[in-house]
Amino acid sequence: MQRCLELAALGAGNVAPNPMVGALLVHNDTIIAEGFHEQFGRAHAEVNCINNVPAELYQLVKESRLYVSLEPCNHFGKTPPCTDLIIKHKIPTVVIACTDPFEKVNGSGIKKLKEAGVNVITGIMDTAALELNRRFFTFHKKQRPYIILKWAQSNDLKIASSDHTRVMISNELTNRLVHKWRAEEAAIMVGSRTALQDDPSLTTRLWPGNDPVRIVIDKNLELPAHLHLFDKTVPTIILNNLRQEEDGNNNYYKTGNNENIIAVTISILRLRNLVSLIVEGGATLLQSFIDLGCWDEARVITNKNMNIGNGIAAPVLKNEVLIKKEQLLDDEISIYRNAAGSL
């Protein structure tokens, strides 16, 4: 099952809103084939695994165990049900890490396999499987995207100078890591001040991978049209009080003077099937998520050799639990989880 999870992780950034899934066939303790879900809309892990069985070993499939990191699907979506494929190939035993919470599966895949006489074993490394697909599980169990907060701060806990002038806090290696993070999420969000002061592209240009859908708050549509966010190269959602229409890749959502912009954002992401969101600023927007307790993970980059002095204070986390800390040159990267946000 550990190998299944390693295979599943290879689909990171390419399979959402589907979960990452790995599968392998084992005959007499020997792996005879492996597969994983590689791309949204394409073959699932079980299909790829069975298709990867060498021709000379095909006769062993009906004598093998199938290990899969998530319950096989039991419905027609972009692809046919994997349960039917397993039954067709007369695989006698299926070992599953955890149940799929998606309403069209949620135990029905296991039920169908058992009814067909398949020996089903569940709960193997289920904690690790939940962790791997925490975005997917959060989306379906909590009915909202998995929310990551990210910011860079100086050693004296400032994120910008007092006049909001942009300060390059993180180093080149950390910047590449941030772009890797972006490639792993479905959407990315900033507030209007960050958009105006920093003019970010919010793309993955420093890392191979898909660009997340961009979200920016511009209540009165006052941000200048020349900003990178409006270049129409990436689907972009503009939350505002005035306009509801699509203009190329720019999608204007009229929020109706709704003060709870976070609730509106979550509703839109849910509607568009975007399972995760990384919020990159500014301080007011980040603190709003924190104060509402609406966050799952925080990634804080601290330049230990920089002090800004009189500047904009960094957000302050609440109910945080430190999960990991690492050093990249002069940047200390701390990963926190929300203690109240476990699945």
Side-chain angles (χ1 to χ4, degrees), residues 6-16 20 36 38-40 131-135 145-155 157-161 165-191 194-195 197-216 227-229 231 233-236 274-283 285-286 295-308 312 314-315 317 322-337:
E6 291 171 359
L7 288 167
L10 297 176
N14 293 312
V15 300
M20 294 174 279
F36 67 97
E38 300 175 10
Q39 189 78 40
F40 175 70
E131 170 66 17
L132 176 67
N133 275 313
R134 58 192 184 276
R135 296 160 180 81
Y146 186 85
I147 297 172
I148 300 169
L149 310 180
K150 171 263 167 184
W151 70 86
Q153 61 187 21
S154 61
N155 195 50
L157 308 183
K158 301 295 191 301
I159 65 169
S161 60
T165 301
R166 188 179 187 185
V167 179
M168 298 303 294
I169 295 175
S170 51
N171 61 55
E172 290 185 3
L173 283 180
T174 307
N175 287 341
R176 288 186 180 274
L177 176 61
V178 169
H179 284 231
K180 177 179 182 292
W181 290 347
R182 291 176 179 177
E184 295 168 348
E185 310 311 330
I188 186 169
M189 184 178 190
V190 293
T194 299
Q197 299 291 339
D198 295 354
D199 191 14
S201 295
L202 303 184
T203 62
T204 60
R205 61 194 178 280
L206 299 181
W207 191 268
N210 297 319
D211 293 316
V213 173
R214 305 183 293 200
I215 303 173
V216 61
L227 294 181
H228 287 123
L229 285 175
D231 61 15
T233 60
V234 178
T236 302
L274 297 170
V275 300
S276 64
L277 170 69
I278 184 165
V279 184
E280 290 205 6
L285 181 62
L286 287 162
W295 63 283
D296 299 285
E297 189 173 324
R299 301 173 182 179
V300 183
I301 301 161
T302 305
N303 186 327
K304 304 300 288 187
N305 294 327
M306 176 186 288
N307 290 296
I308 291 177
I312 308 301
L317 288 170
L322 181 64
I323 299 298
K324 180 182 178 182
K325 184 175 286 189
E326 63 181 349
Q327 199 79 22
L328 268 181
L329 301 179
D330 50 356
D331 288 344
E332 181 182 86
I333 302 168
S334 302
I335 309 295
Y336 300 91
R337 293 282 175 85

> Can you find a heavy atom in the side chain of Arg205 that is under 4.5 Å from one in the side chain of Arg182?
Replying inline: yes
> Under 3.5 Å, is there a donor-acceptor pair between the side chain of Asn171 and the main chain of Leu328?
Replying inline: yes
>> Using the rule given for side-chain contact (heavy atoms from CB on, under 4.5 Å), can you reason through Glu184 versus Ile148, listing the C-alpha separation, both sets of side-chain angles and the distance that settles it, and then say yes or no?
In response: CA-CA 11 Å; Glu184 295 168 348; Ile148 300 169; over 6 Å; no
> For the atom pair CG (Leu277) and CD1 (Ile147), what is the distance rounded to the nearest 0.5 Å?
Replying inline: 6.0 Å
> Which heavy-atom pair separates Gly209 from Ala183 by the least distance, and what is that distance?
Replying inline: CA-CB, 4.1 Å
> Does a donor on one side chain sit under 3.5 Å from an acceptor on the other, for Ser154 and Asn303?
Replying inline: no
> When rounded to the nearest 0.5 angstrom, what is the spacing between CG in Leu202 and CD1 in Ile215?
Replying inline: 10.5 Å
> Taking atom CZ of Arg337 and atom CD of Glu131, what is their separation to the nearest 0.5 Å?
Replying inline: 4.0 Å
>> Within the 4.5 Å heavy-atom criterion, are Val178 and Ile301 side-chain neighbours or not?
In response: yes
>> Does any part of the side chain of Leu317, heavy atoms only, come nearer than 4.5 Å to the side chain of Trp295, both counted from C-beta?
In response: yes
> Is there a side-chain contact (heavy atoms from CB on, under 4.5 Å) between Thr233 and Arg214 once you walk through the steps?
Replying inline: CA-CA 10 Å; Thr233 60; Arg214 305 183 293 200; 4.1 Å; yes
> Is there side-chain contact between Asp331 and Ser170, with at least one heavy-atom pair below 4.5 Å?
Replying inline: yes
>> What I'd like to find out is whether the side chain of Val190 reaches to under 4.5 Å of the side chain of Leu229, using heavy atoms alone.
In response: yes
> Is the shortest side-chain N to carboxylate O distance from Arg176 to Glu172 below 4.0 Å?
Replying inline: no
> Between Met306 and Met168, does a side-chain contact (heavy atoms from CB on, under 4.5 Å) hold up when you go through it step by step?
Replying inline: CA-CA 10 Å; Met306 176 186 288; Met168 298 303 294; over 6 Å; no
> Would you call Ile159 and Pro315 a side-chain contact if the rule is heavy atoms closer than 4.5 Å?
Replying inline: yes
> How long is the span from the CZ atom in Phe40 to the CG atom in Asn14, to the nearest 0.5 Å?
Replying inline: 12.5 Å
> Given the rule in the side-chain contact (heavy atoms from CB on, under 4.5 Å) test, do Leu322 and Ser334 qualify, once you have shown the distances and angles that lead to the verdict?
Replying inline: CA-CA 7 Å; Leu322 181 64; Ser334 302; 4.0 Å; yes
> Going by atom types alone, do Thr302 and Glu332 pair a side-chain donor with an acceptor below 3.5 Å?
Replying inline: no
> So do Pro235 and Asp211 actually touch side chain to side chain, heavy atoms under 4.5 Å?
Replying inline: no
